[in-house]
Amino acid sequence: MNPAARRHCLPLSALLLSPLAVGAAPSPTALPAVQVQAARVPGVDPFALPASLDTVWIDADRTGANAQLSEALGGVPGLLARDRQNFAQDTQLSIRGFGARSTFGVRGVRVLIDGVPATMPDGQGQLSHASLLGAERIEVLRGPFSALYGNSSGGVLQVWSAQGQAGDPWRLRVNAGADNTLSVGAQLRGAGKGIDYNVAANHFSTDGWRDHSRARRESLNARLGTELAGGRLELLLNALHAPNAQDPLGLSRAQVAADPRQATAVAEQYNTRKSVRQQQAGLRWTREAGAQRWQLMGYAGQRAVTQYLPIPPGPQANPLHAGGVIDLDGGYGGLDARWGWNGDLWGRPLDLVVGVNADRQRQHRTGYENFVGTTVGVRGRLRRDQIDIVQNVDQFAQTWWQWSPRWSLLAGVRHSAVRFESDDRYIVGRNPDDSGRRRYQATTPVAGVSFEASPQWRLHAAIGRGFETPTFNELGYRADGQAGLALDLAAARSRSLEVGSKWHAQDGRQLDVSLFRADTDDELAVASSTNGRSTYRNIGRTRRQGVELQYRQPLAEQLELQLAWTWLQAQVRSPYLACAASNCAVPDTVVAAGSRLPGVPRQQAYARLQWSPGQWQWGLEAAASSDVVVNDIATERAPGYALLNLDAGRRWTLQAGDLRAFARIDNVLDQRYIGSVIVNDGNGRFFEPGPDRRASVGLQWSWR
């Protein structure tokens with residue numbers, strides 16, 4: 001977690017059933033004001049909710065490169081954000097074990113940025129276009145109520161930028177560190193002449209800690225607002241350009257021992273890399289009139305991805321092979337409409353929200369050989385050409401009722417219908433028509449109660465259902481190697497239960513404890529991951545259960561301690577067959593009930609001690625993780641680790657603004673460790689090592 005972040009429980013409005021939900025959180029410390037875009041529930045205590053919710057506040061006193069969201073998420077219990085040291089692949093993000101299997105992008109976790117989905121209708125998401133420079137806060141929702149966000153909601157992560165206010169400072173920020181890492185950004189934020197604005201632009205470049213991991217990113221995020229027709233209208237803009245980010249690929253255990261900074265030989269040979277270009281815009285209008293409120297939102301975007309994989313020419317001789325270069329280009333968009341009402345039922349406060357939303361993605365997917373003659377790592381002949389369309393239409397309702405002075409109920413239901421359609425345009429020789437379609441639907445109810453044991457203590461319980469469809473990437477290849485899409489994959493369906501306790505004292509002390517269990521049927525899992533290509537299958541029943549704890553203790557007026565701990569048992573509950581050897585044609589080894597799910601550590605811990613005397617700020621933090629199984633049959637695992645980090649900053653207040661200098665040292669003790677893993681990699685290259693001791697320094701100028 002970043003040194004200036006503060007985490008607090010959210011108000012009830014954060015649990016609205018769509019990407020537009022946001023919340024505010026009072027605290028003993030001074031925090032930025034939050035503009036609530038959704039419903040308020042008068043009289044509800046900030047933490048009186050039957051859910052596990054956290055807000056990570058992002059302010060101007062951050063240290064580090066501000067390059068990835070993982071820099072700010074270390075102290076959230078139940079959440080694992082792995083920095084892969086590979087900007088060709090997104091941060092590995094999982095919540096309570098959901099999403100841990102992802103070999104690229106974000107799966108099993110719903111991601112939204114300023115209310116606009118960063119998760120597509122099929123459940124595939126990305127974090128790369130989120131900006132820490134322009135962000136005000138990151139909200140994390142865990143447990144049953146995340147199912148109210150629809151498909152693929154093992155958890156919800158929302159990034160919100162601040163609404164500009166008159167007198168807000170503008171700022172320039174530069175950070176430089178090891179491996180020629182440079183981050184330069186500017187934020188213009190304020191209000192005047194009927195419009196408020198928050199515009200952040202950032203350039204990031206690095207040579208990478210590992211060989212063949214150079215990357216560059218330019219991003220722009222903007223939030224512009226004005227008053228219109230008795231309500232508030234906001235324009236949300238986002239652009240990302242990330243050309244030719246090099247991919248060093250995973251390493252085997254022997255390679256890690258020999259040199260953790262090396263890239264796999266085929267990464268250099270085939271010049272494995274990925275380019276991303278994305279632009280999107282959203283428009284949101286909100287209005288409150290008496291007891292009623294309305295909210296309308298629409299968005300549209302374009303995203304293009306080109307990726308070069310290390311697939312040898314030999315396998316591509318198979319007429320069914322789609323080639324070693326993936327080229328995706330398409331548009332996406334959606335609409336969301338809701339109505340809310342606040343009143344009484346039998347003399348007790350009642351809040352109701354109903355709405356509908358629809359999202360659609362159309363993607364042109366092509367594949368090419370990654371060689372021309374004897375030259376590899378270049379685009380060759382066309383091997384795949386198809387149009388993929390996925391869309392959803394959802395309806396939802398939510399109600400909150402305080403039926404007594406100390407008891408309240410929060411309940412909701414969402415019906416989701418997701419339709420996949422693929423039109424194959426490459427029917428050549430022995431390559432057949434792979435067109436197909438599949439429809440998934442589910443109704444996901446959820447309910448929770450909260451009890452006020454005392455003004456500082458709340459108890460809650462919640463139960464709900466969720467579902468997760470395969471993504472188009474997971475439907476793209478059959479696990480048996482035959483032609484056609486994997487349309488036989490079923491949607492995973494889960495049942496979640498949570499009980500918790502929240503105690504927040506007026507002096508700033510805080511103790512939150514959650515116990516949870518999630519049982520899943522038809523769990524989606526990696527069948528194989530070879531040469532940059534993964535296939536998937538349903539493996540039956542699984543269970544994720546555990547405990548989350550977080551504690552905050554002011555030790556003195558300017559000294560604070562923060563602790564977070566997670567114990568998570570993620571297990572298979574029905575046996576299935578898996579491959580013991582790489583590239584096997586028929587699974588031959590039984591994975592017994594009780595086996596660990598790969599990619600999920602049993603324990604995580606985080607601690608931070610922060611001292612802020614006057615214009616100085618000092619931070620000491622520790623992060624630890626237990627070992628991680630990396631394949632189904634548990635023959636390989638990444639060992640556990642513990643890391644120590646230091647940061648410091650100093651501010652000077654001048655007549656024209658504030659100057660702040662800051663520095664950070666990560667992995668102070670220079671430990672060797674595995675930062676992330678590639679689940680079930682068919683070549684045995686499961687490991688992505690984390691960096692050794694790294695230092696960075698920076699300057700920030702804020703002027704008024």
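Numbers for residues simply follow the sequence, beginning at 1.
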### Query
R110 and N151: which non-hydrogen atoms are nearest, and at how many Å?
NH1-O, 2.8 Å
### Query
Is the shortest distance from a Lys or Arg side-chain nitrogen in E136 or R223 to a carboxylate oxygen in the other one below 4.0 Å?
no
### Task
Please indicate whether R495 has more than 12 foreign heavy atoms, meaning atoms of other residues, nucleotides or ligands, lying under 6.0 Å from its CZ.
yes
### Message
Could you check whether D512 pairs with K502 (Lys NZ or Arg NE/NH1/NH2 to Asp/Glu carboxylate O, under 4.0 Å)?
### Response
no
### Query
Out of E523, R96, Q571, Q569, which one pairs with R544 under the side-chain contact (heavy atoms from CB on, under 4.5 Å) rule?
E523
### Query
Applying the side-chain contact (heavy atoms from CB on, under 4.5 Å) test to Q395, which of N357, V413, T443, V356 qualifies?
V356
### Query
Parallel, tilted or perpendicular: which describes the rings of Y332 and Y299, with under 30° parallel and over 60° perpendicular?
tilted
### Query
Would you call R107 and Q124 a side-chain contact if the rule is heavy atoms closer than 4.5 Å?
yes
### Message
Once rounded to the nearest 0.5 Å, what's the spacing between atom CD1 of I95 and atom CG of L141?
### Response
7.5 Å
### Message
By the definition side-chain contact (heavy atoms from CB on, under 4.5 Å), identify the one residue from E421, R362, R419, Q361 that meets it with V390.
### Response
Q361
### Query
Between Q604 and Y606, is a side chain to side chain donor-acceptor pair (under 3.5 Å) present by the stated rule, with each step listed?
CA-CA 7 Å; Q604 295 172 247; Y606 175 89; over 6 Å; no
### Query
Are side-chain heavy atoms of Q187 and N198 found at a separation under 4.5 Å?
yes
#### Entry: NZ/NE/NH1/NH2 to OD/OE distance under 4.0 Å, R142 and D54
yes
